[in-house]
Each structure stands twice: as C-alpha cells, then as structure tokens.
Colleague: 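Submitted below is the structure of interest, expressed as structure tokens.
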Amino acid sequence: MNIKSNTKSNTKIIVGFALAVGVLLLTAAASFWSIRGLSVQTRNVEHTYQVLQEAETITAVLKDAQAGTRGYLLTGDTVYLRPYSMATGQLPAALERVQALTVDNPDQRARLDSLRGLVEQEFRILRPLTEIKKAMSQSAMQTLLDTDRQTLRQVRLLYARIKTSELALLAQRSALQDVFEKATPIVVLVSAVLAVLIVVWLVIKVVKELEDNRRLQSELAEVNAQVSRRIAQIRKLAEQVVQGDYTVKITDDAEDNLGGLAASLNHMTQTLEGSFSALEKRNRELDQFAYVASHDLKAPLRGVTTIVKWIEDELAAELSPQLRTYLDQMKGRLARLEDLINGLLAYARVGRTAQSREAVNVQQLLTAVADLVVPPDFTLRIGPDMPTFETDRLSLQQVFTNLLSNAVKYHQRGAGQLEVKCQDIGRCYEFRVQDDGPGIAPEYHQKIFLLFQTLRDRHTAESTGIGLSIVQKIINEQQGTIRVESAVGQGAGFIFTWPK
C-alpha cells in the first residue's frame, strides 16, 4: 500500500510539473509572439515614416532647385544656383534610398519610377536656365518656365499620391502597433499570473501530498505495530505449545485474517489440550499396567523356577535323559520370560523416575560400562573428544550399556572390535557406537526399535527385543534422536544425539 501511494503521489507531482512547464512554455511563446509582433509593427511604422520623409525631401529639394533657378534668372546672382547644385547631388541618392525602401510595394515602385522620370525631366528643363551666358530668346525661356511649372505640378500630384498611400499604410500599421502595444503587456501579465498560479497550485499539491504521505506513514506505522504485536502473541502461543503448554489462548477479537488465525489457534490449543490430556492419561494407565503386570508376574515365575530346581535337586536319580532335556528347555523358557519381565519393568520405569543432573565425564562412564558388558576378548576404542557435561548419568549409562551389550550379544563371531566416537554439533553431542558384527539389512532399520522385535530366534534366551526400545524411549525423553547405519556383513553403527 505504501509503494502504491508513493507511486501515485510521484505521478501527480510529475504531471503537475509537466503541466506547469507546458503552461509556462505557452505563455512564453505568447509573450514572444506579442513582443515580436510589436517589434515588427514598430519597424513597419518607422519604415513608412522613412518613405514619407524621403519622398518629401525629394519634393522639397526639387522645389528649392526651381525657386533658386528662378531667383538666378531674375537677379543674375549665382548664389541662387546653390540649391540647384545641391539638388543635382542629393536627388539621385534620395531616389535610390526611397526605391530601396519600397522594394516590397509594387504600386509605390511604379509611382517612384514616374517620380524619377519627372525629376530627370525637371533637370533637363532647369539646366538650360542655369546657363545664362547662352543666348536664349524670351519666348523660349518662357516656354521652359511654363514647362517647369507643369512638371513641378505633376511632381506635387505624384508626391500627394505617394503620401496618401504611405499614410494609409501608416494608419494600418499604427493600428496594428497599437494592438500589439496593448496586447503585449496584457499577455506578459497574464503569463506571469498564470505562472504564479500554477506554481502556487503545484506547491499546494506537493505540500498536500507530503502531508498525506506523512499521515499514511503514521497510519502504516500504527498498523505495523498492531500487526507486530498480534504476531508476537501468535509466536508466543506457538512457543508455549512447543513447550507442552496447551492452555494458552490469544485475546484477539479482530475480524480480519490475523483475528481468524488467532481464533483457529485457540481452537487448536483447546483440541490439543484435550487430546494430549487423554493421551497422557492412557500412557499413564499403560505404564501403570505394564509395571503392575510385570511386577505381579515375577512372583509365580519365581515359584515355577523354584519347583524346577527342587525337581532337579530331589529327584536327580529318578530323572531320565529325556526328562532332563525337558527341564533344561523349561529353565530356558523361564529365564527368557524373566528377561522379558525385567525388560518390561525397565521400559515402564523410563520417564517415571526423577532425573538427577550431575557432571558426567563420558570417557570414565564408558570405561565403567565396558567393565560390565564388554568381554575381555572384545576390543573397545573410545574417541579422544569425549565431553564432560551436566546431564542424567543413569539415563546415559543405560543407553551406552544397552548399545554395547547388544553389539556383543549379536556379534556371532567371537572376539570383535567396538568403537565409540563423539562430535559437537551445536546444541547437542552426537555419539556413534560402531561394531564389526554381521550388520543389519536396511529393511530392518526401523523394525529393531519396536517393542519385542528381534532379528534372532525367539527361543534364544537373551533375545527379548526390548533393549533398543528402551534406548529409543530414553533418548526421546531427553529430546534427542537415534538412527542406525548398517548393511549386511558391514557391521552396525548406532548414532544418537544427546542435548547438552
């Protein structure tokens, strides 16, 4: 949810920035267009004024040249020819300038071509008049003066047309200039206002998104804290269930997935409490039955054994060989039955007696067990890494006793080699009891740990099938594990773990 919210906020901010940039670009383009239009129209107005000024200059200079020539004719003073002399140098250049200014206006170019012709015609008229030394009749002079007046009149008319056309352009361009002069500040102002509004809007949106994010983060933190607390309750319940406490319950009435899980776990613990209570009761009853039955069976067994001994002692002379064979078989069956009863009693006692924890030196413990159950013709090698740690000595001693005695009992080949190793695997020590006997086929690796299961003939007195069951029950009581690694003809290795 947090990632989706951040993505949504980032998208909004990016869109806002893009919109702001877009509007700013549009307003900048509008401002540029308005300012550029104003500049163009200003140049056009200035251009029109230049055309008018140049056309007026041509007309004025030509008029001054005519007036100066007439003054020269009246007075004979050459000072009056100065305007004419100046006109001969100014008018061609003025005509060139005005034609360059009207290069984009065909109508004005035509008028200026006519004006040029009239100016040249005027110079052709005025030139002879300026040469007073030449003989000229009064009539010829009058004709030139009349022609000069007509030419100047045409120049004025043509100038009036040029001026009228340019004034019309001036009015049009001035109007556009006014429009742009009025529009440009408005466009710039509107652009600035829009930019400010967009920036303000964007800032408000960003601040709002940040506030929403902070609020959402706070809500998420609170939800995470609640979820962590509820998960901690569930974890605590699981740990207590693992330790065997099935009365624990979770107080979580929320109608969500965790609340449903809490309700299911509460129901599970209630069910487990009832099931394990019933199972513990049955186990106690079964252990009590095995203990009582085994204990009560010993009395008649001793009686039968005593009677057989009396028969052998008191009627020894009267016993036939066949009868002695029957009595030997009976003693063997009675001995096996006694071993079974003793095994049942030992199995029933596992977990019933209080455990006494003390420091145990495993090296010394194995040496003591070997003196009891390993014959002299067997060799026992004890690994160098045997630990010393706090544990129940009697339970560990019983495990090693049963495993070593089984290795000797089922060896079948006389003298043998036995070996005990140990390694530290963290919370536990792992012990390995290895022999070089006949081995055990893989299909019997699980069967040998079952009660009364044996791989030897049931008529063999020492084969009760209880020893490994007792070992497994003791190790299970210590929360350890046991397994066998073996194959036919390769000996057997019993590996068990013992908590530190």
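Only this structure's heavy atoms are used, side chains among them; waters, hydrogens and symmetry mates stay out.
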Colleague: Where the side chain of Thr88 meets the backbone of Ser85, is there a donor-acceptor pair that is under 3.5 Å apart?
Modeller: yes

Colleague: CD of Gln479: more than 12 outside heavy atoms within 6.0 angstrom?
Modeller: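 Check fails, neighbour count at 12 or below.
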
Colleague: On a heavy-atom basis, which atom in Leu366 and which in Met386 lie closest, and how many Å separate them?
Modeller: CD1-SD, 4.1 Å

Colleague: What is the distance from atom CG of Asp392 to atom CD of Gln398, rounded to the nearest 0.5 Å?
Modeller: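 Going from CG on Asp392 over to CD on Gln398, the span is 9.5 Å.
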
Colleague: Among residues at least two apart in sequence or on other chains, which ones pass side chain to side chain contact (heavy atoms under 4.5 Å, CB included) with Ala492?
Modeller: Asp435, Ile440, Ser486, Phe494

Colleague: Please confirm whether the backbone N or O of Glu390 pairs with a side-chain atom of Arg357, one donor and one acceptor, at under 3.5 Å?
Modeller: yes

Colleague: Quick check: do Val399 and Trp498 have side-chain heavy atoms less than 4.5 Å from each other?
Modeller: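 Yes, their side chains come closer than 4.5 Å.
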
Colleague: Taking NZ, NE, NH1 and NH2 as the nitrogens, is one of them in Arg393 or Glu358 under 4.0 Å from a carboxylate oxygen of the other?
Modeller: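 Salt bridge between Arg393 and Glu358, a charged N being under 4.0 Å from a carboxylate O: yes.
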
Colleague: Check whether NZ of the Lys or CZ of the Arg Lys500 lies under 6.0 Å from the centre of the six-membered ring of Tyr429 and within 45 degrees of that ring's axis.
Modeller: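 Positive - Lys500 is close enough to the ring of Tyr429 and near enough to its axis.
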
Colleague: Measuring from Asp424:CG to Asp385:CG, what's the distance to the nearest 0.5 Å?
Modeller: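 Atom-to-atom, Asp424:CG and Asp385:CG are 9.5 Å apart.
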
Colleague: Is there a side-chain contact between Val471 and Phe496, using heavy atoms and a 4.5 Å cut-off?
Modeller: no

Colleague: Counting heavy atoms not belonging to Phe389, are there more than 12 under 6.0 Å from its CZ?
Modeller: yes

Colleague: Kindly compute the distance separating CG (Leu380) from OG1 (Thr367), expressed to the nearest 0.5 Å.
Modeller: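 Here the interatomic distance stands at 7.5 Å.
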
Colleague: So do the side chains of Gln363 and Ile382 get within less than 4.5 Å of each other, counting heavy atoms only?
Modeller: yes

Colleague: In Å, rounded to the nearest 0.5 Å, how long is the span from CG of Leu197 to CG of Leu202?
Modeller: 12.5 Å

Colleague: So which atom in Gln417 and which in Asp436 form the shortest heavy-atom distance, rounded to 0.1 Å?
Modeller: N-OD1, 3.0 Å

Colleague: How would you list, by chain and number, every residue that makes a salt bridge (charged side-chain N to carboxylate O under 4.0 Å, His left out) with Arg432, sequence neighbours excluded?
Modeller: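 Arg432 satisfies salt bridge (charged side-chain N to carboxylate O under 4.0 Å, His left out) with Glu485 once adjacent residues are dropped.
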
Colleague: Does one side chain, of Gln423 or Glu430, offer a donor that lies under 3.5 Å from an acceptor on the other?
Modeller: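 Per modelled atom types, Gln423 and Glu430 side chains form a pair under 3.5 Å.
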
Colleague: When rounded to the nearest 0.5 angstrom, what is the spacing between CD in Gln121 and CD in Gln150?
Modeller: 10.0 Å

Colleague: Between Lys473 and Glu477, does at least one N-O distance fall below 4.0 Å, as a salt bridge requires?
Modeller: no

Colleague: Are side-chain heavy atoms of Val420 and Leu403 found at a separation under 4.5 Å?
Modeller: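 In short, these two side chains do not touch, never coming nearer than 4.5 Å.
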
Colleague: Can you confirm whether more than 12 heavy atoms, excluding those of Arg427, are under 6.0 Å from its CZ atom?
Modeller: no

Colleague: With heavy-atom distances below 4.5 Å as the criterion, would you say the side chains of Ile425 and Cys428 are in contact?
Modeller: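 Answer yes - side chains close enough.
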
Colleague: Provide the closest heavy-atom pair for Thr391 versus Leu396 in the form atom of the first, atom of the second, distance.
Modeller: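 That would be CG2-CD2, 4.4 Å.
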
Colleague: Leu418 versus Val433: any side-chain heavy-atom pair under 4.5 Å?
Modeller: no

Colleague: Within a strict 4.5 Å, meaning less than it, do heavy atoms of the Ile495 and Val484 side chains meet?
Modeller: no

Colleague: Return yes if a side-chain donor-acceptor contact under 3.5 Å exists between Gln217 and Arg214, otherwise no.
Modeller: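 Side chains of Gln217 and Arg214: no pair found under 3.5 Å.
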
Colleague: Just so I know, are the side chains of Val362 and Phe431 near enough to count as touching, which here means a heavy-atom distance under 4.5 Å?
Modeller: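 Yes, side chains in contact.
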
Colleague: Pick one: which of Glu56, Met86, Gln90 meets side chain to side chain contact (heavy atoms under 4.5 Å, CB included) with Val61?
Modeller: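 Of Glu56, Met86, Gln90, side chain to side chain contact (heavy atoms under 4.5 Å, CB included) with Val61 is met by Gln90 alone.
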
Colleague: side-chain contact (heavy atoms from CB on, under 4.5 Å) between Asn402 and Ile470: does it pass, once the steps are laid out?
Modeller: CA-CA 8 Å; Asn402 285 351; Ile470 293 174; 3.8 Å; yes

Colleague: Can you measure from CZ (Arg156) to CZ (Arg161) and round to the nearest 0.5 angstrom?
Modeller: 14.0 Å

